[in-house]
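To keep things clear, I will list the structure first and then write my remarks on it.
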Amino acid sequence: MFPTYDVIVVGAGHAGCEAAVAAANLGSKVMLATMNMQTIAQMSCNPAMGGVAKGQIVREIDALGGYSGIVTDHTMIQFRMLNKSKGPAMWSPRAQSDRMLFAAKWRRMLEEHPNIDFWQEMVTGIVVKDGRAKGVHTGIGLEIPARSVILTNGTFLNGLIHIGEKQFGGGRAGERASKGITEQLVELGFESGRMKTGTPPRLDGRSLDWERMEVQPGDENPSRFSYTDTPALTKQRPCHITYTNPEVHELLKTGFDRSPMFNGRIRGLGPRYCPSIEDKIDRFASRDRHQLFVEPEGWETCEVYVNGFSSSLPEDVQFKALRKIEGFEKAKMFRPGYAIEYDFFQPTQLLPSLETRIVKNLFFAGQINGTTGYEEAASQGLIAGLNAHQALQDEEPVVLSRSEAYIGVLIDDLVNKGTTEPYRMFTSRAEYRILLRQDNADLRLTGKMDKLGMQGLDQRMQRVQEKEEQTREIERFCGKFSVDPDLVNPYLQRIGSAELKQKVKLNSVLVRPHIGLDDLCQVIPEVNEKMNQYDLEVRQLAEINMKYAGYIEKEQELVDKMNRLEAVRLHDTFDYQGLTSLSAEAREKLSRIKPRTIGQASRISGVSPSDVSVLLVHVGR
């Protein structure tokens with residue numbers, strides 16, 4: 001009935017979709033197995049993509065040939081570049097999406113791919129022979145053969161939904177949990193744990209008083225996520241902001257005795273950086289209000305998402321409290337918020353390729369690895385898909401370093417440090433964030449995919465080459481063009497910057513604080529004429545390169561130093577237990593994780609600088 005697939009991807013959420021596309025675009029024959037074909041690429045929680053550090057990840061996914069950025073651009077209803085008041089390393093794109101259009105566009109793109117087949121059924125186990133994944137078992141007793149398997153089960157592994165004192169099995173509202181896989185993996189020797197996440201109530205927008213809330217419009221000139229020629233956003237829907245208040249907090253507290261979070265029914269640890277409303281009230285008792293973002297779910301629906309009000313309190317408590325929020329006095333609820341507990345597996349059991357250490361050709365991606373968020377999941381799916389294909393070809397795995405991508409930081413953190421709570425990406429986690437900006441992801445990463453032979457990259461590579469050349473042209477022009485003091489001094493005087501005494505090169509004016517290339521275009525006609533030849537993104541990239549040249553150079557020096565440690569290889573057979581000069585914790589962690597390089601060893605939690613020195617001496621460095 002079935003051919004032997006190169007790759008079977010279990011789960012069709014954000015991780016599963018990107019995994020299927022990545023393997024298929026390298027030439028693997030892929031089956032995408034899901035319990036429900038109608039929920040492929042479902043936005044289970046908020047109807048948005050991107051945000052702080054997450055926006056950088058979406059752009060990296062796009063640069064690596066993934067589809068998340070393309071789908072977002074086709075289906076967004078609002079775009080904002082966050083952190084514009086800060087330096088460019090912090091700029092983070094974010095889009096509100098039309099929930100239904102997002103899933104429909106993803107499904108259409110998957111169905112159009114000739115290398116992807118689908119199967120709708122619960123996968124209950126992995127076929128493992130001679131220590132290798134050889135396919136999957138399904139709920140109706142089928143065995144589907146494959147040369148590799150990627151598990152992207154999201155919150156479905158033994159999922160348990162909590163609303164107040166009620167609890168019932170499920171991987172998402174209205175969908176059943178997945179059974180069997182956890183039990184088999186534990187039997188094979190994997191370490192599992194429980195985590196929790198939550199979602200807020202959905203409200204009827206027709207019942208809200210929008211006039212009583214703050215309007216949060218999109219950017220005047222919205223950008224996009226994909227580096228391809230996706231459609232520009234010409235109209236946008238606004239979001240709104242409102243706040244909780246002491247009365248809301250007191251009402252919510254009346255349900256704490258029935259809260260599964262406080263009475264011990266939830267064992268899993270929730271996300272530190274996206275806590276439930278009851279958690280916020282408990283942890284930040286001194287605050288008399290919390291900000292809420294009221295986000296539309298799409299163009300053609302009145303359903304709204306109350307970002308910041310995740311809750312597992314009884315539905316009657318949620319409803320009463322919501323109606324005390326300004327603008328929500330007559331609110332009607334479509335469905336209450338809930339918490340969900342699910343199984344995950346410590347990611348220290350993975351290689352940096354996301355292949356498991358215990359079973360060859362078995363890969364994990366997404367929330368099964370202890371992460372939270374669409375973007376984090378999608379990026380892992382993409383890497384797992386690439387490496388499932390690479391493993392079958394006996395090729396080197398795709399492993400991004402911490403200096404190459406936020407995706408590299410994410411996976412490096414997971415496999416070396418593990419996680420005891422849902423892992424979320426932040427710009428602060430990336431030590432080389434000046435290099436890892438959202439504007440240059442294509443320059444950093446697209447060439448890697450071209451070398452792998454990924455299909456359909458000809459136009460992308462042409463764009464990258466043109467962008468690099470045009471950026472250099474602008475930098476050369478700014479380094480040669482002399483600025484006449486008479487032209488710019490009135491402007492410099494107006495903004496409180498020191499006037500020029502003589503002609504200087506344009507780039508020396510540009511590096512001053514609060515002066516941008518567009519500002520100089522307004523006062524120097526020749527510069528304006530030259531810059532009109534280039535796209536805004538190219539102009540911004542060149543400006544950032546010039547303004548932050550010193551910082552970029554210093555950061556690159558740090559990368560070069562760290563790369564010297566990355567060049568010192570460690571073999572899987574290295575006997576750490578025999579090195580008594582290592583600390584006991586280092587011996588235990590190094591023996592379990594088996595780092596590939598000294599650099600990786602240095603980032604393992606519990607391995608001290610003195611332990612690294614011992615390793616360097618032992619390998620003759």
Stepwise side-chain contact (heavy atoms from CB on, under 4.5 Å) test for Tyr67 and Asn25: CA-CA 11 Å; Tyr67 288 1; Asn25 278 340; 3.6 Å; yes
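- In this structure, a donor-acceptor pair under 3.5 Å is present between the side chains of Ser92 and Gln56.
- Closest non-hydrogen pair, Gly418 versus Gln346, comes out as CA-OE1, 3.4 Å.
- A donor-acceptor contact under 3.5 angstrom links the side chains of Ser312 and Glu278, judged on distance only.
- Heavy-atom contacts from other residues, nucleotides or ligands closer than 6.0 Å to NZ of Lys179 number more than 12.
- A donor-acceptor pair under 3.5 Å is formed between the side chain of Arg59 and the backbone N or O of Phe225.
- The heavy-atom pair separating Cys17 from Ile40 by the smallest distance is SG-CG2, 3.8 Å.
- Of the possible donor and acceptor atoms, none in the side chain of Arg258 sits under 3.5 Å from a partner among the backbone N and O of Gly255.
- Between Leu354 and Asn387 there is no side-chain heavy-atom pair separated by less than 4.5 Å.
- Checked by atom type, the side-chain pair Glu183/Asn158 shows a donor-acceptor distance below 3.5 Å.
- Checked by atom type and distance alone, the side chain of Tyr227 pairs as donor or acceptor with a backbone atom of Ala441 at under 3.5 Å.
- Contact of the Met35 side chain with the Glu175 side chain is not registered, since no non-hydrogen atoms from C-beta on lie closer than 4.5 Å.
- Between the side chain of Glu165 and the backbone N or O of Pro314, no donor-acceptor pair lies under 3.5 Å.
- In terms of heavy-atom proximity, His162 sits nearest to Leu160 at CD2-O, 3.5 Å.
- In this structure, a donor-acceptor pair under 3.5 Å is absent between the side chains of Gln349 and Thr356.
- Residues Asn46 and Glu295 bring no donor and acceptor atom of their side chains to less than 3.5 Å of each other.
- A donor-acceptor pair under 3.5 Å links the side-chain atoms of Arg429 to the main chain of Arg424, judged by distance alone.
- Taking the ring centroids of Phe364 and Phe190, they lie under the 6.0 Å cut-off.
- A cation-pi arrangement is present between Lys84 and Trp91, with the terminal nitrogen or guanidinium carbon under 6.0 Å from the aromatic centre and inside a 45° cone about the axis.
- Checking His14 against Ser68 by side-chain atom types alone, no donor-acceptor pair falls below 3.5 Å.
- Side-chain contact between Ile61 and Ile407 is present, with at least one heavy-atom pair separated by less than 4.5 Å.
- For the pair Ala405 and Leu400, the tightest heavy-atom approach, listed with the atom from each and the gap, is CB-CD1, 3.9 Å.
- For the 3.5 Å distance criterion, the side chains of Gln96 and Arg94 qualify, holding a donor opposite an acceptor.
- Between the side chains of Asp73 and Ser226, not a single donor N or O lies within less than 3.5 Å of an accepting N or O.
- In this structure, Lys280 places its NZ atom where more than 12 heavy-atom neighbours from other residues, nucleotides or ligands lie under 6.0 Å away.
- A side-chain donor-acceptor contact under 3.5 Å links Arg224 to the backbone of Thr230.
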Working for ring-ring contact (aromatic ring centres under 6.0 Å, His included), residues Phe309 and Phe328: CA-CA 13 Å; Phe309 203 88; Phe328 288 13; 8.0 Å; no
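- With hydrogens and angles disregarded, a donor-acceptor distance shorter than 3.5 Å links the side chain of Glu60 to the backbone of Tyr406.
- The closest side-chain heavy-atom distance from Leu151 to Leu157 is not below 4.5 Å.
- No side-chain heavy atom of Tyr243 sits less than 4.5 Å from a side-chain heavy atom of Asn245.
- Although no hydrogens or angles enter the test, the distance criterion places no donor-acceptor pair under 3.5 Å between the side chain of Asp219 and the main chain of Asn221.
- Counting heavy atoms from C-beta on, the side chains of Thr199 and Tyr305 come closer than 4.5 Å.
- Here the side chains of Trp299 and Lys235 are in contact, with some heavy-atom distance below 4.5 Å.
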